[in-house]
Structures are given as C-alpha cells and as structure tokens.
Amino acid sequence: MNLFKKILIANRGEIAVRIIRACKELGIKTVAVFSDIEKDSLHVRLADESICIGPASSKHSYLNIPAILTAAEVTDAEAIHPGYGFLSENPQFAEACATSGITFIGPTSENIRIGGDKAKARQVLKRRGVPVVPGSDGPVASEEIALKTAKKIGFPVIIKASAGGGGRGMRIVREEGELSQAFHTAQRESLAAFGNSEVYVEKYLSSIRHIEVQIISDGKGNIVHLGERDCSVQRRHQKLIEEAPSPISTEKFRKRIGELAVKAAKAMKYQNVGTIEFIVDQDQNIYFMEVNTRVQVEHAITEELTGIDIIKEQIRIAAGFPLSYRQNQIKPSGHVIECRINAEDPERFIPSPGKLTFFSPSGGPGVRVDTAAYAGWVVPSQYDSMIAKLIVHGRNREEAIAKMKRALDEFIIEGIKTTIPFHKKVLNHPDFIKGNFNTDFIEKMNVRTNGNNNGNGNGHKNGNKLSEATAGVDEA
Ligand code: ADP
C-alpha cells in the first residue's frame, strides 16, 4: 500500500494551507485550486501546482464540481481533500470523485448523506440506543404535527432544518402562539439556504453546553475518539471560542461521552474523520445533536491536546491504511484554547473585508496560528470571514488562559476590523475564567456589557458571517 503521490485541495484559506502542510510532511505533491480573485493567495503560493477554476462567486469556482474534477484530471492528482465547507459534505461530489477514479479524502457518501439529514441521523442513532434530544421521530411534515410534537415534549421547542448548518434554519418557539410563524420561517430559510425545506422538532434545552467528540475510524473496524471539545462560547449558534478538555470534564465524563461517540460512529458504519456533537445539560445528561462528516475548524485544538495530526490520519485512512494507534495510546495532555479571528466588526459582527496593511501573528511557546493571511493580502468579501485561528496550549486551563491573553495582545492586524477585542473581553470575563458558561454566555455577556440584546435575545441580527458548514453557500 502506498500513500498518494499527488493530492488536489478543493478549498481555500487556512484549511487549504493546513492540508498542504500535512501533504508536504508526508512527501505528497499538492495542487491548489483558486478563483480568479485569489491568484495571490497563500495556498496558491505554497502548493506545488495551481489551477484557476472560475470566477469569485463560489458557486462558479469552489463549488464547481466539473471544474474541480477537470483540474484533478489534468494535473494527475489521485485524491481530493475537500477541507471544510464548500463540497466537503456533498455526497454527489464524493460519488463524482469515485466515478472519475479519484479518491475522496473523507467519509463514504452514505455517511455524508446520513450526517446531512439531521432528522434521519437522530432516528438512526436513537434506534441504536444513543440518547438524542427529546423531539420528533424524524421530519415533521406539517404545522399540525409540529404542534402536536411540541405539546407532547413541552415548550420551549426548537424547529430545526434537517439539512441545516451554521445555525441557519433554526427557530426557537417559546409558546404555542409562536409555532406557526416559526415553522414556516424555518422551512423558508432552509429552502433558501439548502434547497430543502424539511424540518424537525426538538425540545429547546436551557443552560446547556455544546460538547463534541472527535472520532477517527479506518473503516476496518478500528474506531477511536480523541476526547471532547467544549464549543459553548457561541454567538447566534456559531462557535467563537473552543477549548479542550471541557472545563466540566472528568476522566469519567470523557469516557462516557467518548463511548457514546464511538457507539454513534459504529451505528453509522462511519469511516475516516468525523465529529459527534452533543448537548450536555446541567446534570451532565448527554444528548446526541448531530454528526459533522468533515474535518472541522476546531480540529487543531484536539491535535495540540493529543499530538495526533488529524489531517495526516485522514489522508492515510483514505489511502487504505489502518489506524496507527489504539484508544489506550491516546493521551490528552494539558489544556488548549482556540479563538477564531474573523474579519468582522467586534461589536456588531458584520464583515470587515479589505486590505491588511499590517499583519503580525503571535508566536512564542505554546502558540499556534493557522492562517492564510499576510500583510498586503486583501480579505475577500465573497468567502468566510475567518482569517486566523489562534490556538494556545498550556499545562492547565489557567496557563492556557494566560497564554491566550498574551497572544491576543501580541497579534497585530491593521487595515480591517477583527474580533480580537471581543476575544479579549471574553478571556477577561470572570465566568469564562471560572469555566462557568453555557451556550447563552455571549448573549448574556452582551446584555450586561452593552445594555441591549437587540430585542430578540439573539444578539445582533444582521451579521452574515458564513460558517464552515455553509462556507460554500453564496449569500444571496
Ligand atoms: P448547526 O448544524 O446549524 O450548527 P446544531 O444542531 O449543531 O446546528 O446546533 C447549533 C447550536 O444551536 C448548538 O451548539 C446549540 O447552541 C444550539 N442548539 C441546537 N439544538 C438545541 C436544543 N435542542 N436546545 C438548545 N440549544 C440548541
């Protein structure tokens, strides 16, 4: 068995650079693809070869399946790594790669199909004994059925798009009178964003944490989990800061949530790298929420915690190699925190694209910066606004926080606005320092510090950041 000689990376930005780095260390040649406004991008410079695949609009470039497959064919790339967002969770793309004799570096198209149908994934896992958030048994076809389900499980409920991602197509319903409108809005939003109006109903749980588990499966019966990540610091259901381990975690908790994640992966016959997302309530009850069938933005914190290069494992497994370690060989060490640095106004979270007149990332012991940004680069308005991931690794949480504060102070970006001031505020917040926060932490913090929450309990309404899950969806 051999590793690939050449891989095409069907992505851009920091994740394309991250994949190129893994390939270089494995001795694999790389092909970058780019839209015509990105010829000066770092991923293009760092790859061995590069090909323009279309105009700026991602629909015509990074989502253009025929152009990407043609680029792979003319460059003799044997495999394609999709990164996150764009085509990474598109089962047709995975199948089109196979038809063209190109290896898709990721899960099977069947895995992607189940993961992309959140109502179905719930059903499948519930049947296999994985606890899910109480709610509808599959999709709900009408407002009447949604109401019946809501009455059965009790308000508040959340109506969610089966095909949802990036916090879109979700509506919280606090009482019966709000249900009809919320149901139709969620359907409409889902149809517009994902081309599918199917929704389902879940109990809306309060005071919860978002805790997820990284899993790796070689498809030959070997599955391991790499521990949990706490992604509860969110704004409008989108992650801003992640950390590992979770501040609430104990050996026992990690074992329990890890075993549930492995059980879920086995039930799905999962192959390659994936994340099982859970909601954890105050009594530490764990409920399955969804599975992400791609490498995630926050994979890097698990890499730092465990010393395992997740991208290299993805490539090795796709090439047919078995997992190189067992569960008892995975030893998390210390504490890792990640801040997502977005080209956004830190107060209103609206995009702030433009030219970086100065760019000096933080460094020093225990600091990792994953970015494709450099001084002089123009942050495009067409794509995800995340321009860097600042990751710190300390011996314990206290040291990690001190390092992150130091690294945030040191990071200099000029020419655009970024979320660095927001992160500084969070890192200095007494509840964050105590590890005492839930998914509503940012909304509550904004209410306390700004004296308003825009009236909708949801923070500001007009931010249009694209998340990793929807990075490929053009904002229309
Ligand atoms: P997406 O795929 O759009 O990111 P998720 O299902 O992962 O959607 O949910 C995103 C976030 O929304 C969660 O991290 C959590 O904060 C919140 N959320 C989702 N479902 C519930 C629920 N049943 N109760 C409370 N909060 C929820």
Side-chain angles (χ1 to χ4, degrees), residues 84-85 88-89 112 114-122 125-126 131-136 139-140 146 149-150 153-174 182 186 189-190 192-194 196 198-213 228-243 246 261 264 274-283 285-294 296-298 340 384 386 437-444 457-459 463-473:
Y84 53 66
S88 60
E89 292 175 290
I112 300 175
I114 297 181
D117 183 343
K118 290 158 72 163
K120 175 85 184 288
R122 268 171 60 84
L125 296 188
K126 192 177 165 192
V132 301
V133 181
S136 58
V140 288
T149 312
I153 57 179
F155 287 94
V157 298
I158 182 166
I159 300 177
K160 295 168 92 170
S162 293
R168 290 201 213 182
M170 265 197 268
R171 280 289 173 282
I172 299 164
V173 184
R174 305 212 174 264
E189 207 171 290
S190 177
F194 313 108
N196 174 347
E198 194 178 275
V199 295
Y200 63 104
V201 180
E202 269 181 7
K203 175 95 186 151
Y204 184 72
L205 301 168
S206 58
S207 306
I208 51 144
R209 297 179 91 109
H210 171 123
I211 301 184
E212 59 185 35
V213 180
E228 83 285 355
R229 297 187 282 254
D230 194 317
C231 311
S232 303
V233 180
Q234 305 180 344
R235 180 186 163 274
R236 298 183 69 221
H237 307 305
Q238 294 200 353
K239 300 162 188 168
L240 295 166
I241 300 177
E242 299 98 341
E243 60 182 289
S246 167
T275 299
I276 316 289
E277 296 191 333
F278 298 97
I279 280 180
V280 178
D281 72 13
Q282 277 178 315
D283 301 321
N285 291 309
I286 302 170
Y287 302 100
F288 165 81
M289 188 162 52
E290 67 165 339
V291 50
N292 284 161
T293 56
R294 59 166 190 270
Q296 287 182 296
V297 168
E298 61 271 26
R340 297 188 185 199
D384 195 303
M386 192 185 73
F437 52 83
N438 291 314
T439 51
D440 58 1
F441 171 68
I442 298 304
E443 269 86 46
K444 283 188 176 157
N458 235 352
N464 63 345
K465 179 187 176 299
L466 302 180
S467 81
E468 64 189 290
T470 52
V473 180

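Whatever order the structure lists ligands and atoms in, that order sets their numbers, starting from 1. Residue indices begin at 1 and follow the sequence shown.
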On a heavy-atom basis, I'd like to know which of Gly135, Gly169, Ala163, Gly167 is closest to atom 4 (O) of ligand 1.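 Result: the heavy atom closest to atom 4 (O) of ligand 1 is in Gly167.
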Atom 8 (O) of ligand 1: which of Lys118, Arg168, Gln234 has the nearest heavy atom?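 It is Lys118 whose heavy atom sits nearest to atom 8 (O) of ligand 1.
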For ligand 1, is any non-hydrogen atom under 4.0 Å from Lys160's backbone (N, CA, C, O), its side chain (CB onward), both, or neither?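 The answer is the side chain.
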Given that the side chain starts at C-beta and the backbone is N, CA, C, O, which of these parts of Lys203 lies under 4.0 Å from ligand 1, counting heavy atoms, or is it both or neither?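 Contact part for Lys203 vs ligand 1: backbone (N, CA, C, O).
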Is the backbone of Ser246 close enough, under 3.5 Å, to the side chain of Glu228 for a donor and an acceptor to pair up by distance?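 Between the backbone of Ser246 and the side chain of Glu228 there is a qualifying donor-acceptor contact (under 3.5 Å).
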Using a strict 4.0 Å cut-off to heavy atoms of [X], name the atoms of ligand 1 that fall inside it.
{"X": "Ile208", "result": "25 (C), 26 (N)"}
{"X": "Glu277", "result": "7 (O)"}
{"X": "His210", "result": "13 (C), 14 (O)"}
{"X": "Met170", "result": "3 (O), 8 (O), 9 (O), 10 (C), 12 (O)"}
{"X": "Ile158", "result": "22 (C), 23 (N)"}

Distance, nearest 0.5 Å, that separates [atom1] of [X] from [atom2] of [Y]:
{"X": "Ile276", "Y": "Ile286", "atom1": "CD1", "atom2": "CD1", "value": "13.0 Å"}
{"X": "Gln282", "Y": "Ile208", "atom1": "CD", "atom2": "CD1", "value": "10.5 Å"}
{"X": "Met170", "Y": "Ser190", "atom1": "CE", "atom2": "OG", "value": "11.0 Å"}
{"X": "Ile159", "Y": "Glu189", "atom1": "CD1", "atom2": "CD", "value": "11.5 Å"}

Those residues that, when tested against Thr149, pass side-chain hydrogen bond (donor to acceptor under 3.5 Å, both in side chains) (two or more places apart):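 Not a single residue meets the side-chain hydrogen bond (donor to acceptor under 3.5 Å, both in side chains) criterion with Thr149.
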Are any of the N/O atoms in [X] less than 3.5 Å from those in ligand 1?
{"X": "Leu205", "result": "yes"}
{"X": "Ile279", "result": "no"}
{"X": "Glu202", "result": "yes"}
{"X": "Gly166", "result": "yes"}

Mind checking whether Val157 and Lys203 have side chains closer than 4.5 Å, heavy atoms only?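 Side-chain contact under 4.5 Å: no.
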Determine, step by step, whether Thr293 and Glu89 satisfy the side-chain hydrogen bond (donor to acceptor under 3.5 Å, both in side chains) criterion, reporting the C-alpha distance in whole Å, the side-chain angles of both residues, the deciding distance to 0.1 Å, and the verdict. CA-CA 6 Å; Thr293 56; Glu89 292 175 290; 3.3 Å; yes
What residues form a ring pair (Phe, Tyr, Trp, His ring centres under 6.0 Å) with Phe437, not counting sequence neighbours?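 With neighbours one apart ignored, the set is Phe432, Phe441.
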